[in-house]
Amino acid sequence: MKEVLQRVKEQLEQAFEEPRSTSLDGAIRELERLKASAGDKRQMIEDVIQAVTHARNARMELAEAGDESATNAFAEAYRALDQAIESYSGVDNDPV
């Protein structure tokens, strides 16, 4: 699951750099498949899907005007993906 999230994050970064030539539709489909097997993390994946969908919808706005709200949509999706990846990392942050 972590690998899928990392791949989607790379696609998001590419879409931000090249908004006219990169679609996020495939990334959203991958996340939908991931959600089906996410178990107790299903809501988190749903939140990631929503954030990536907002970024997809903001792509052309970003390409045309470099609008701040479009940039914010990508930033939100990036943070959501980072948090989801971290949740699958299994890092124990409890002090010993």
Side-chain angles (χ1 to χ4, degrees):
M1 291 196 179
K2 183 178 174 182
E3 296 80 24
V4 172
L5 293 167
Q6 289 173 326
R7 189 169 47 250
V8 169
K9 184 177 171 185
E10 290 169 6
Q11 292 172 12
L12 181 73
E13 290 169 347
Q14 184 177 0
F16 183 76
E17 292 172 13
E18 303 171 28
R20 291 186 192 276
S21 63
T22 305
S23 172
L24 291 171
D25 293 337
I28 292 168
R29 283 190 297 274
E30 279 191 85
L31 290 168
E32 288 287 350
R33 286 190 295 272
L34 182 66
K35 181 176 78 169
S37 61
D40 63 339
K41 296 186 181 202
R42 186 177 174 94
Q43 182 59 52
M44 177 186 60
I45 299 301
E46 182 63 40
D47 294 343
V48 171
I49 291 169
Q50 187 174 32
V52 173
T53 299
H54 287 302
R56 179 197 65 193
N57 296 341
R59 266 183 339 111
M60 295 322 293
E61 192 176 323
L62 178 68
E64 296 296 324
D67 189 82
E68 184 177 337
S69 65
T71 301
N72 289 341
F74 275 85
E76 180 71 26
Y78 192 85
R79 281 190 299 273
L81 282 161
D82 265 353
Q83 290 172 353
I85 291 167
E86 183 66 29
S87 78
Y88 282 104
S89 294
V91 177
D92 183 6
N93 291 327
D94 292 336
V96 178

Would you be so kind as to tabulate the donor-acceptor pairs closer than 3.5 Å made by side chains of residues 74-84, with sequence neighbours excluded?
from  : atom 1 : to    : atom 2 : distance (Å)
Glu76 : OE1    : Arg79 : NH2    : 3.1
Tyr78 : OH     : Glu13 : OE2    : 3.3
Asp82 : OD1    : Lys9  : NZ     : 2.5

Holding to side-chain hydrogen bond (donor to acceptor under 3.5 Å, both in side chains), I want the full list of residues that pass it with [X], two or more places apart in sequence or in another chain.
{"X": "Gln6", "value": "none"}
{"X": "Glu61", "value": "Ser69"}
{"X": "Ser37", "value": "none"}

How would you list all residue pairs meeting salt bridge (charged side-chain N to carboxylate O under 4.0 Å, His left out) that involve residues 44-58, not counting sequence neighbours?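 Sorted result for residues 44-58: Asp25-Arg56, Lys35-Glu46.
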How about Leu5 and Leu31: do any of their side-chain heavy atoms sit closer than 4.5 Å?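 With C-beta onward as the side chain, the pair touches.
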Would a 4.5 Å heavy-atom cut-off, applied to side chains only, mark Glu32 and Ile49 as touching?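 Result yes, sub-4.5 Å side-chain heavy-atom pair found.
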Pairs flagged by ring pair (Phe, Tyr, Trp, His ring centres under 6.0 Å) wherever residues 19-52 is involved - sequence neighbours left out: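 Non-adjacent pairs meeting ring pair (Phe, Tyr, Trp, His ring centres under 6.0 Å): zero.
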Once ring pair (Phe, Tyr, Trp, His ring centres under 6.0 Å) is applied, what residue pairs with a partner in residues 21-65 remain, sequence neighbours excluded?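 Listed once each, the pairs would be none.
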Minimum heavy-atom separation for [X] to [Y], with atom names?
{"X": "Leu12", "Y": "Ala55", "value": "CD1-CB, 3.8 Å"}
{"X": "Ala38", "Y": "Ile45", "value": "CB-CG1, 3.9 Å"}
{"X": "Met44", "Y": "Ser87", "value": "CE-OG, 3.2 Å"}
{"X": "Thr22", "Y": "Gln11", "value": "CG2-O, 4.1 Å"}

What pairs with Glu64 under salt bridge (Lys or Arg N to Asp or Glu O under 4.0 Å), at least two apart in sequence or on another chain? Arg20
Who are the salt bridge (Lys or Arg N to Asp or Glu O under 4.0 Å) partners of Arg7, not counting sequence neighbours?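 With neighbours one apart ignored, the set is Glu30.
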